Every structure is written in C-alpha cells, then in structure tokens.
Protein chains: 2
Amino acid sequence: MSEALATTDLPSLPLGPISPAKARILAVAVDLFYERGYERTTVRDIAERAGILSGSLFHHFKSKQEILFTAMAATTQAMGEAAVAATEGVDDPRGALRALMIAELSAIHREDGHAAYVLVDEWRSLDTEHRAAILKLRDGAYERAWRDTLDALGVKGRLRNNPRIARQLIRGALAWSRHWMREDGPLDLASLADEVLKTFVSD
Amino acid sequence: MSEALATTDLPSLPLGPISPAKARILAVAVDLFYERGYERTTVRDIAERAGILSGSLFHHFKSKQEILFTAMAATTQAMGEAAVAATEGVDDPRGALRALMIAELSAIHREDGHAAYVLVDEWRSLDTEHRAAILKLRDGAYERAWRDTLDALGVKGRLRNNPRIARQLIRGALAWSRHWMREDGPLDLASLADEVLKTFVSD
DNA sequence: TTGACAACCAAGCGCTTGCTTGTTTTTATG
DNA sequence: CATAAAAACAAGCAAGCGCTTGGTTGTCAA
C-alpha cells in the first residue's frame, strides 16, 4: 500500500481534508492502478481490497475519476514538498540537482507505494480538466525547484544543454528507469543519479 | 492513419500475411489507441472508422487483443528494419548512433501515424504472452543495432556511461520527447539527436 | 454460368461496468 | 442513554462491452 496515502493525518489538499477511510481507499486504488491500470481496475476491485462494498466507495468519492484525481493531486503535492525539502540548505547547484534526482527516483521506486508511477503511467486516464489542475500544482513547487537548479547550473556554464532541454532529457531518462531498474540489481538510486549527473553536468 | 500499416503490400510477419483490409483496420485501430488508449477504444469505434460493422472485425482478427498485438508486431518489425537500414554503410559509431536516434525519433514523431507511440504507451495493455513475442522480435534487430553501436563507442572510450546504462538513459530521454516536443517548435528531430549526442558522447 | 470462398451485415447474447437508491449499522457527542 | 451524523450494506439499474451466430453480398477462377 502507498505509505504517503495510508498515513492518518495528511496535509489538507486544495480539495479538502483526507480522512483515514479516504486515505485507505486511495492507497489500495493506487496499488491497483499500478498493477492493472486505471481502466482495468473496477470499483469493485478497489472496494474489495479496502474491505467494503463497491457502493460504499461513493460515499467518499463522487466518481472513480475523482479517486484517480485525488490520488494524483496528493502525490504531486508530496513530491513537490519532497523536492523543496531536498534542495533546502544545499548551496551548490550540482548538489541540488543530485538531490532532486534522488528525490524523483525515490518517488518512482519506493517499495511501499507506486503513486509516482501511476502519476506518469495513468496520466492519459485523467480527464482534461483535472490534468490542468495537477499541472498547475506541479508547476508551483516541483518544476520550480528543477528550473531554478538547472538555470543556476546553466549560468555557470556547467550544463551541456540548454536548461529547458536538459530538464526534459533528464526527466525522461529518470522516468524510464521504472522499466529496467531492479531493486536487487547492481545499481542503486544514488548511483544512477551520479551516472546522469556526470553525463549532463560538465567539469 | 498510420502509413506503415496502410500500404497495401506489407512484408509478411511471423503471423502471416496482412491483407489490405487487415492493414486498414490496423491503421485506424492504432490511431484510436493513440487518441483514447486501448481500453477506452471499443471494437465498435474501430469498425466505424474502418467503414464496417463491429462484428465484421472478427472475420479478420479473432480478438481485440490480436489487433493490438498484430499492430505492435508490425511496428516492431518496421522499426527494426529502419534501424538496420539507418546504420548500414555508416562506419563511425558516432554517426551510427546519430542515425539510430533520428530513426527512433522519426518513428515516435511521424505525422502520419502513431504506431511507435502506441507501442510504448499501450505496452501494459498487451497480454503477457504477447509481450514476450514482441520483445523477442525487438531484440533480434532493433536492440541489436543499438547494442552494437553503443558497444563500439564504449570500447573507444567515448561514452560517459556504461553502454547498457547509456542505452536505457537515451531511450528514456528520447521516448519522453513525445510529451514535450512540438512539430512546430524550435527544435527539430536532428537537432534533438545532436543535443543528446553531445551529452552522452565525449570528444 | 457456376461453385467456392472471403467479406460483410443484422441482430443480439451474456456479462461487466460505474453508479444509484433505500435501508441499516456504527460512531461520536451532549 | 438519546440523538444525529457518518459509514457501510443490499440490491439492482441502465448502458456499454467483446464477441457470436446465421444469413447475404461480392469476387473471381474454372
């Protein structure tokens, strides 16, 4: 189950507070979306794993789509806070970039939850209107931290690419790791971050 | 419609020949999978766009899943052939890598078809057994070309990473371009390939 | 012209889907 | 203990799903 969603007291989202019961539903839903994808997961699947009947879900969420949106919003917010926290107090931009990459990789590969995975893989399952809300939320903290860090490296002339391009290339490279990196493989997250670092950052 | 699938005479797949009628169905199916995703596309949608009734689909394919598989197999084979053709006659490994990247980007971004996009995005919609078949097909030509090229660069000491890691990082970086690169944007495919090239290849 | 086969139509079957409704149980509060 | 709100149940509806069946049309070689 996704730990970030299973904790009992979550920070209030723009959507309103998340009760323990809601958090439990979100956690098992994320697991199922990860295992089977959004469309192949039924509300009955979610309810069963949450220990209730399917109809009872709609006491907490007004639709299946709202479950996906709420989960994604919570993930986005958590990742934003983690990114800000990771770079806090780190002065050199190279170290900050390393911290951001490790934070992103940790979110993708954490053993106890696949919320970041779902955020990428089920993006197309989210309604157009909801997508805009997530993007706005993401841009406020998460992308801002990345932009600031890469721009700082850029003005120092230590990036091999334009900062905007570098961001997209790095994001893709890190995101793809979910398809080939194994927990028990020879490469851990920090090592992968270092690999990317030495590729994109010169000196 | 996807051009590679719309042409009337296709090379025979391991599955058997593809008639013009089948090719038309595959082409519109790929378009729909791209637009809505596999699960949200119904056999009625496919049939309507192909100009037939839904039941008639099953004269050509025994299931919706077989449509997806056949389309992916055809794409994989076409990409493999394109990769081999792109590196043929190119002696220096740097030039070969550039050619491979442009081939991959072209497949992803071609205006007249989204088969390569679907191959990545709907991978999880493919049955487990079918996945193995595609992977085998892919490994025969496509990945082989990449491996040979990167290994050649590696032994020359011109890669900043281990060739295996470089392959995965580059693949992710290129695949992600479908989410941010615009046809009418400032960056064309060759320029993006050059950006990646100067990042991963030294000297 | 005829026979054979491929392509397609027309209709619908059996099942699953997200969600609703009305009722009952649980929980928290005075 | 009384009461109200929150949470869950029980049952099922309407719509949509992949796919099947049986018959009709089109094509082309013999």
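Reckoned from all heavy atoms, side chains included, excluding hydrogens, waters and symmetry mates. All of these numbers come straight from a predicted model, not from anything done at the bench.
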Output one line per pair: protein atom, nucleotide atom from nucleotides 7-9 of chain D, and distance, for all N/O pairs under 3.5 Å.
| unit_1 | atom_1 | unit_2 | atom_2 | d |
| --- | --- | --- | --- | --- |
| D/dA7 | OP2 | A/His59 | NE2 | 3.3 |
| D/dA8 | OP2 | A/His60 | NE2 | 2.8 |
| D/dC9 | OP2 | A/Leu53 | N | 2.6 |
| D/dC9 | OP2 | A/Ser56 | OG | 3.4 |

- Query: Within a strict 4.5 Å, meaning less than it, do heavy atoms of the B/Leu159 and B/Ser202 side chains meet?
  - Reply: no

- Here the distance between atom C1' of D/dC13 and atom CZ of A/Phe58, to the nearest Å, is 14 Å

- Message: Tell me whether B/Arg144 is salt-bridged to B/Asp139, with the criterion being a basic N under 4.0 Å from an acidic carboxylate O.
- Response: no

Considering only nitrogen or oxygen atoms on both sides, find all protein atoms under 3.5 Å from nucleotides 27-29 of chain D and state each distance.
none

- Message: Quick check on DNA chain D: between B/Glu39 and A/Arg44, whose nearest nucleotide comes earlier from the 5' end?
- Response: A/Arg44

- Salt bridge or not for B/Asp112 and B/Arg110, using N-O below 4.0 Å? yes

- Counterpart residues, ring pair (Phe, Tyr, Trp, His ring centres under 6.0 Å), relative to B/Tyr34 (two or more places apart): B/His114, B/Tyr117

- Message: Please compare A/Asp45 and A/Lys62 by the position of their nearest nucleotide in DNA chain C and report the one closer to 5'.
- Response: A/Asp45

- Message: Going by salt bridge (Lys or Arg N to Asp or Glu O under 4.0 Å), name the residues that satisfy it together with A/Arg131, two or more places apart in sequence or in a different chain.
- Response: none

- Message: Looking at B/Arg158 and B/Asp92, is any side-chain nitrogen of the basic one under 4.0 Å from a carboxylate oxygen of the acidic one?
- Response: no

- Query: Does the side chain of B/Ile67 come within less than 4.5 Å of B/Val43's, by heavy atoms?
  - Reply: no

Can you list, pair by pair, the side-chain donor-acceptor contacts under 3.5 Å of residues 45-56 of chain B, counting residues two or more places apart and other chains?
| unit_1 | atom_1 | unit_2 | atom_2 | d |
| --- | --- | --- | --- | --- |
| B/Asp45 | OD1 | B/Arg36 | NH1 | 3.4 |
| B/Asp45 | OD1 | B/Thr42 | OG1 | 3.4 |
| B/Asp45 | OD2 | B/Arg36 | NH1 | 2.9 |
| B/Asp45 | OD2 | B/Thr42 | N | 3.1 |
| B/Asp45 | OD2 | B/Thr42 | OG1 | 3.2 |
| B/Arg49 | NH1 | B/Glu35 | OE2 | 3.0 |
| B/Arg49 | NH2 | B/Glu35 | OE1 | 3.3 |

- Query: Got a salt bridge between B/Arg160 and A/Glu195, using NZ or NE/NH1/NH2 to carboxylate O under 4.0 Å?
  - Reply: no

- Task: Please check if any side-chain donor atom of A/Tyr38 sits under 3.5 Å from a side-chain acceptor atom of A/Gln65, or the reverse.
- Result: yes

- First and last nt of DNA chain C near chain B, cut-off under 4.0 Å to heavy atoms, 5' to 3', are C/dA6 to C/dG12

